[in-house]
Amino acid sequence: MSSSHLLKLNNGESIPAIGLGTWQSKPNEVARAVEVALKTGYRHIDCAWAYGNEKEVGEGLRASGVPRSEIFITSKLWGTYHRRVEECLDDTLAKLGTDYLDLYLIHWPVPMNPSGNHPVFPTRPDGTRDRDEAWDIRDTWKGMEEVLKKGKVKSIGISNFSEMMVEKILTTANVIPAVNQLELHLYNPQHKLVAFLKSKGILPEAYSPLGSTNSPLLHDEVAAEIAKRHELKTSDVLLGYLLRKDIVALTKSVNPARIEGNLKGALEAYSRLTTEDMAILDDVAANGKQKRFSMPPWGVDLGFENWG
């Protein structure tokens with residue numbers, strides 16, 4: 001069903017506008033969630049090396065019976081692998097049980113010590129993140145371009161990149177990132193950054209569209225009122241709001257009924273929300289509700305507005 005709503009990437013590839021996110025999905029739950037999602041019509045699964053559950057995601061992909069060619073799979077390069085892009089990608093491919101990805105992203109623009117005291121979150125003696133300060137993010141992007149050339153991925157992109165960080169890699173990039181996956185939702189719409197991305201032909205993708213852990217945005221009165229008027233759920237409005245702005249929405253659940261409901265409801269809201277509804281929703285954050293939920297302590301300025 002979600003394959004009926006596709007968005008075009010700047011290289012001519014298409015991406016399903018609704019995807020299933022797998023962050024914080026426990027290994028014993030994520031295989032079933034992926035299987036259920038694909039059986040109920042999802043065709044886009046969003047993964048990451050750092051989530052630690054790609055092997056189980058792969059099991060779900062196979063259990064669904066949906067051919068690999070019909071599924072759009074995204075994964076992400078982790079910070080400790082910025083000097084070893086292909087090595088991280090190969091590990092992801094092996095775990096997922098596929099020989100290519102549809103989209104590969106730099107997870108955060110923060111290279112970390114590849115030989116530190118922890119494979120995922122290396123720290124310094126003072127407890128701060130052990131960043132690889134000698135490494136240039138532009139060279140990470142060159143590594144991404146290399147795996148694209150080799151055909152191991154169909155598209156490459158970025159995640160958690162501010163305008164400042166996008167501008168930095170564009171100075172030497174041969175390939176423009178296809179997408180930028182960000183925390184985008186009613187309370188953190190990042191209107192200026194989204195407009196900038198669109199001016200560069202970079203498609204925005206939204207993680208935490210309901211506001212991260214425990215979905216706090218479901219209690220927003222403005223979205224709830226609009227939902228009531230259209231006989232929708234609040235979650236439908238929050239997802240449909242993003243779809244109407246041509247932003248990919250990555251929903252996250254391990255509950256079968258909710259997985260299916262998110263897909264149907266988002267598409268329903270996409271067709272019912274009016275221009276007036278969109279204008280009201282666009283102003284929610286500016287009217288005192290601006291809130292970003294994901295702000296890891298990287299110890300470096302990423303160039304985002306409303307951080308901290």
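Quantities reported herein were computed from a predicted structural model and do not represent experimental measurements.
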Inset, instruction - Mark yes when over 12 heavy atoms from residues, nucleotides or ligands other than K55 sit less than 6.0 Å from its NZ; otherwise mark no. - result: no

Inset, instruction - Before giving the answer on side-chain contact (heavy atoms from CB on, under 4.5 Å), spell out for R129 and V110 the whole-Å C-alpha distance, their side-chain angles and the decisive distance to 0.1 Å. - result: CA-CA 10 Å; R129 297 280 161 86; V110 185; over 6 Å; no

Inset, instruction - Determine, stepwise, if the pair L239 / I18 fulfils side-chain contact (heavy atoms from CB on, under 4.5 Å). - result: CA-CA 9 Å; L239 297 170; I18 305 165; over 6 Å; no

Inset, instruction - For the pair D102 (side chain) and I73 (backbone), establish whether a donor and an acceptor sit closer than 3.5 Å, ignoring hydrogens and angles. - result: yes

Legend entry - A257 backbone acceptor or donor facing N255 side chain under 3.5 Å: yes

Legend entry - Beyond-backbone contact of H230 with D277, side-chain heavy atoms, under 4.5 angstrom: yes

Inset, instruction - Spell out, as yes or no, whether a donor-acceptor pair under 3.5 Å connects the side chain of Y42 to the backbone of I259. - result: yes

Legend entry - Contact check, side chains of F161 and W108, non-hydrogen atoms, under 4.5 Å: no

Only distances under 3.5 Å count here; give the side-chain donor-acceptor pairs of residues 140-150 to other protein atoms, sequence neighbours excluded, each with its distance to 0.1 Å.
from	atom 1	to	atom 2	distance (Å)
T140	OG1	H82	ND1	3.0
T140	OG1	W135	NE1	2.8
W141	NE1	E145	OE2	3.1
W141	NE1	V175	O	3.0
K142	NZ	D139	OD1	3.2
E145	OE2	N174	N	2.7
E145	OE2	V175	N	2.8
E146	OE2	K149	NZ	3.2
K150	NZ	E86	OE1	2.8
K150	NZ	E86	OE2	3.2

Legend entry - Donor-acceptor pair, side chain of N10 and main chain of P177, under 3.5 angstrom: yes

Legend entry - Residue pair N160 / P109: nearest heavy atoms and the distance that separates them: O-CD, 3.2 Å

Legend entry - Gap separating the CG atom of L273 from the CD atom of E268, nearest 0.5 angstrom: 10.5 Å

Inset, instruction - Among Y51, Y81, W49, find the one that has a ring pair (Phe, Tyr, Trp, His ring centres under 6.0 Å) with H107. - result: Y51

Legend entry - S208 side chain reached by Y187 side chain, heavy atoms, under 4.5 Å: no

Legend entry - salt_bridge(K289, E221) N-O dist < 4.0 Å: yes

Legend entry - Gap between atom CG of L210 and atom CG of D220 - 0.5 Å precision: 11.5 Å

Legend entry - Presence of salt bridge, E276 and R229, under 4.0 angstrom: no

Legend entry - Min side-chain heavy-atom separation Q190-R292 under 4.5 Å: yes

Inset, instruction - Identify the two heavy atoms, one from P204 and one from V194, that lie closest to each other, and give their separation to 0.1 Å. - result: CG-CG1, 4.0 Å

Inset, instruction - State whether the number of non-hydrogen atoms from other residues, nucleotides or ligands found under 6.0 Å of E231 atom CD is greater than 12. - result: no

Inset, instruction - Give, for atom CG of L238 and atom OG of S215, the distance between the pair rounded to the nearest 0.5 Å. - result: 9.0 Å

Legend entry - Cluster overlap V254 with Y207, hydrophobic side-chain contacts below 4.5 Å: no

Inset, instruction - Identify the two heavy atoms, one from L20 and one from S253, that lie closest to each other, and give their separation to 0.1 Å. - result: CD1-O, 3.9 Å

Inset, instruction - List the steps and the verdict of salt bridge (charged side-chain N to carboxylate O under 4.0 Å, His left out) for R124 and E133. - result: CA-CA 13 Å; R124 294 171 179 164; E133 292 178 15; 2.8 Å; yes

Legend entry - Student check: side-chain heavy atoms of Q181 and L250 closer than 4.5 Å: yes

Legend entry - Any donor-acceptor N/O pair, R131 side chain to N113 backbone, under 3.5 Å: no

Inset, instruction - Classify the side-chain pair T92/E54 by whether it contains a donor and acceptor separated by less than 3.5 Å. - result: yes

Inset, instruction - Would you mind checking if R32 and E35 are paired as a salt bridge, meaning a charged N to carboxylate O distance below 4.0 Å? - result: yes

Inset, instruction - Examine distances only and state if a side-chain atom of E183 and a backbone atom of F293 form a donor-acceptor pair shorter than 3.5 Å. - result: yes

Inset, instruction - Measure the shortest side-chain to side-chain distance between H118 and M112 over non-hydrogen atoms and say whether it is less than 4.5 angstrom. - result: no

Legend entry - Linked, directly or transitively: V66 and Y100 (ILVMFWY side chains, under 4.5 Å): no

Name every donor-acceptor pair, under 3.5 Å, that has one atom in a side chain of residues 294-308 and the other anywhere in the protein, sequence neighbours excluded.
from	atom 1	to	atom 2	distance (Å)
D301	OD1	G303	N	2.9

Inset, instruction - Please determine, by modelled atom types, if T172 and R138 share a side-chain donor-acceptor pair under 3.5 angstrom. - result: no

Legend entry - N214 atom CG, over 12 foreign heavy atoms within 6.0 Å: no

Inset, instruction - Kindly give the heavy-atom pair with the smallest separation between P216 and G211, and that separation in Å. - result: CD-O, 2.9 Å

Legend entry - Any donor-acceptor N/O pair, T234 side chain to A223 backbone, under 3.5 Å: no

Legend entry - Separation of L9 CG from I15 CD1 (nearest 0.5 Å): 5.5 Å

Legend entry - pair S212-W23: side-chain heavy atoms closer than 4.5 Å: yes

Legend entry - salt bridge (charged side-chain N to carboxylate O under 4.0 Å, His left out) between D90 and K152, intermediate numbers included: CA-CA 9 Å; D90 286 346; K152 290 187 172 188; 2.7 Å; yes

Legend entry - Q290-N188 side chain donor-acceptor pair, cut-off 3.5 Å: yes

Inset, instruction - Provide the closest heavy-atom pair for P119 versus T80 in the form atom of the first, atom of the second, distance. - result: O-OG1, 2.8 Å

Inset, instruction - Please confirm whether the backbone N or O of D46 pairs with a side-chain atom of T74, one donor and one acceptor, at under 3.5 Å? - result: no

Inset, instruction - Verify, without hydrogens or angle tests, whether N53 (side chain) and V30 (backbone) share a donor-acceptor contact under 3.5 angstrom. - result: no

Legend entry - Minimum side-chain heavy-atom gap Y270-R244 below 4.5 Å: yes

Legend entry - Heavy-atom closest pair, residues P114 and R83: CG-CD, 4.1 Å

Inset, instruction - Would you check, one step at a time, whether the test side-chain contact (heavy atoms from CB on, under 4.5 Å) holds for H44 with V248? - result: CA-CA 10 Å; H44 178 179; V248 174; 3.8 Å; yes

Inset, instruction - Report the C-alpha separation of L184 and K245 in whole Å, then their side-chain angles, then the decisive distance to 0.1 Å, and conclude whether the side-chain contact (heavy atoms from CB on, under 4.5 Å) test is met. - result: CA-CA 11 Å; L184 289 172; K245 295 163 82 68; over 6 Å; no

Inset, instruction - Take atom NZ of K95 as the centre, draw a 6.0 Å sphere, and report whether it contains more than 12 heavy atoms from other residues, nucleotides or ligands. - result: yes

Inset, instruction - Working to the nearest 0.5 Å, report the span between OH of Y241 and CG of L186. - result: 6.0 Å

Inset, instruction - Return yes if some donor-acceptor pair links the side-chain N/O of D236 with the main-chain N/O of A269 below 3.5 Å, else return no. - result: no

Legend entry - Inter-residue atom distance L242.CG - E205.CD, 0.5 Å rounding: 11.5 Å

